[in-house]
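Letters A, B, ... are given to chains in the order of the sequence lines, protein chains preceding strands, and every chain is numbered from 1. Here the structure is a predicted model, which is why all the values come from computation and not from measurement.
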Amino acid sequence: MITQTPKGTRDILPSESYKWQFLERQIADLCADFGYKEIRTPVFEHTELFQRGVGDTTDIVQKEMYTFLDKGNRSISLRPEGTAGVVRSYIENGMASLPQPVKLYYNISAYRYEKMQKGRYREFHQFGVEAFGSKGPSIDVEIISMIKLFFDRLGLKNIGLNINSIGCPVCRKQYNDKLKEYLRPSLGDLCGVCNDRFNKNPLRIIDCKEEKCRKVTVGAPSILENLCEECKNHFEGLKSGLDNLGIKYNVDKNIVRGLDYYTKSVFEFISDNVGAQGTICGGGRYDGLVESCGGNPTPGIGFGLGIERLLLEMESQGIVIPEQKEIEIYIAAIGEEADIYAQKLVFDLRSKGIAAEKDLMNKSLKAQMKYADKLGAKYSIVLGEDEIKNSKATLKNMKKSEQAEIALDSLYEEIINRR
RNA sequence: GUGGAUAUAGCUCAGUUGGUUAGAGCGCCAGAUUGUGGCUCUGGAGGCCGUGGGUUCGACCCCCACUAUUCACCCCA
């Protein structure tokens, strides 16, 4: 059907769009306070970028990307997340020669071919941040505190923060070997997917929800206890930094994140109101990503925050978002002459920044008043022959039902004075 | 990819053991003595009853398929 949006997409109608605009303003303010500048990258990139950047072994790349050949026979993919494009841009535009760290944010749509569910769409929107060049835990703390403040400003409560460290390539390799050793005898008891994971990414087995796999992994060595000295110190630095800011967190050894590029710190903000898709925000450090995409070795960290899920959470917490500015004055006109006069009056008011409306449907006076009421106009005036002849009219306060005689050429001042 | 639920007006939903012109509330439009909204009343527009087959004298209702929506698994924002 051509009168239906494609699966997993939807229209954002005026009854919703003001909420999005509100969040966009909040995001811009937040990022200004933290010194993050906006970056806009293309909706599509070369498929190889995501294969390299997000990871060949991930579900996202293997089965969820919108990939197609363009007319020049290039393999193109719609972005399934925001980080890869930003990393590409960092390298391409030589941002390594900018003052470090480079702190960027974006507010984008992203695309994944997934089965629909509450809080999960094929076209979804993400507010994300990426910071390049800083390897200490202090920027990890900054980024987490930024999200925390964002939620606080929106009035959200009870959003849990889980953190973990998944180590660097060095200690993760050692840990993986240890884990494989532990799991090898019980390989037959693991699910099929985990048998695949055993060679590709054994860390993910810890995260498996299958009952039989959990049984096997109960006593498995944890990555946290097997971090190298540097990673351990980094994680301690993150925790004490959060303590210092009074940010509560829970260490969850099972957070692994589905994207391959993460190293050291990973974190997620969780709600139980959104349904099965409770992760409102997820992120972490990716110290090897810039290099593996072809840049010089550069540490990085970032997060992605799902706008749809955020809105669901705000709704379930009963948070009211202010609507667009109301119509200040409705000018009702009777007859053709008055209508022409009203057109000019409305234009003059609008030119000066006053939201004004007039009839466009040839409605009766009564219907015009009704319409003014539905628009939520604060004031109305009625223009007929007499008013135009005398240059005077009655200004009516719609809420209080009070009326006052005013001169037409002082209408602007009268409205301003009543604000 | 696996499993469940659902599909009637713009929205939220009724619709009798299968029976003749398919209903309500909200919303929209217009009126209720000629120039003033909200409350009330009256009227109107608006439905291929998701699509296609089947059973039946007869299907919104029963059966099958498809499509779409939705929830969960998985994955993730």
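Distance alone, capped at 3.5 Å, is enough to place a donor-acceptor pair between the A:Arg79 side chain and the A:Pro42 backbone.
When the C1' atom is compared between B:G27 and B:C11, the two are found 7 Å apart, to the nearest whole Å. Between B:A77 and B:U2, the two P atoms lie 24 Å apart (nearest whole Å).
Side-chain atoms of A:Arg112 and base atoms of B:A77 include a donor and an acceptor less than 3.5 Å apart.
Judged as a ring-ring contact (aromatic ring centres under 6.0 Å, His included), the pairs with a partner in residues 117-138 of chain A (not counting sequence neighbours) are, in order, A:Trp20-A:His125, A:Tyr90-A:Phe132, A:Phe127-A:Phe150, A:Phe127-A:Phe303.
Among the heavy atoms of the strands lying under 4.0 Å from A:Glu387 is at least one base atom, whether or not backbone atoms are also near.
Nearest-nucleotide mapping onto RNA chain B: of A:Tyr113 and A:Met398, the residue sitting toward the 5' end is A:Tyr113.
In this entry the distance linking CG of A:Leu395 with C1' of B:G35 reads 17 Å, nearest Å.
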### Per-nucleotide pairing state of RNA chain B [Watson-Crick or G-U, under 3.5 Å; [ ] pseudoknot-crossing; | other strand]
(((((((..((((.....[...)))).(((((.......))))).....(((((..]....))))))))))))....
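RNA chain B lies under 4.0 Å from at least one heavy atom of each of the following residues of residues 367-381 of chain A: A:Met369, A:Lys370, A:Asp373, A:Lys374.
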### Message
Is there a ring-ring contact (aromatic ring centres under 6.0 Å, His included) between A:Phe151 and A:Phe269? Walk through the geometry before answering.
### Response
CA-CA 10 Å; A:Phe151 290 151; A:Phe269 284 84; 5.4 Å; yes
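Ion pair A:Lys344/A:Asp348 flagged as a salt bridge, since at least one NZ, NE, NH1 or NH2 atom sits closer than 4.0 Å to an Asp/Glu carboxylate oxygen. A salt bridge does not link A:Asp29 with A:Arg25: every distance from a Lys NZ or Arg NE/NH1/NH2 to an Asp or Glu carboxylate oxygen is 4.0 Å or more.
In this structure, A:Tyr36 and A:Phe34 have tilted ring planes: the angle between them lies in the 30° to 60° band.
Heavy atoms only, all atoms of each residue included: A:Leu156 and A:Glu313 are closest at CD2-CG, 3.8 Å.
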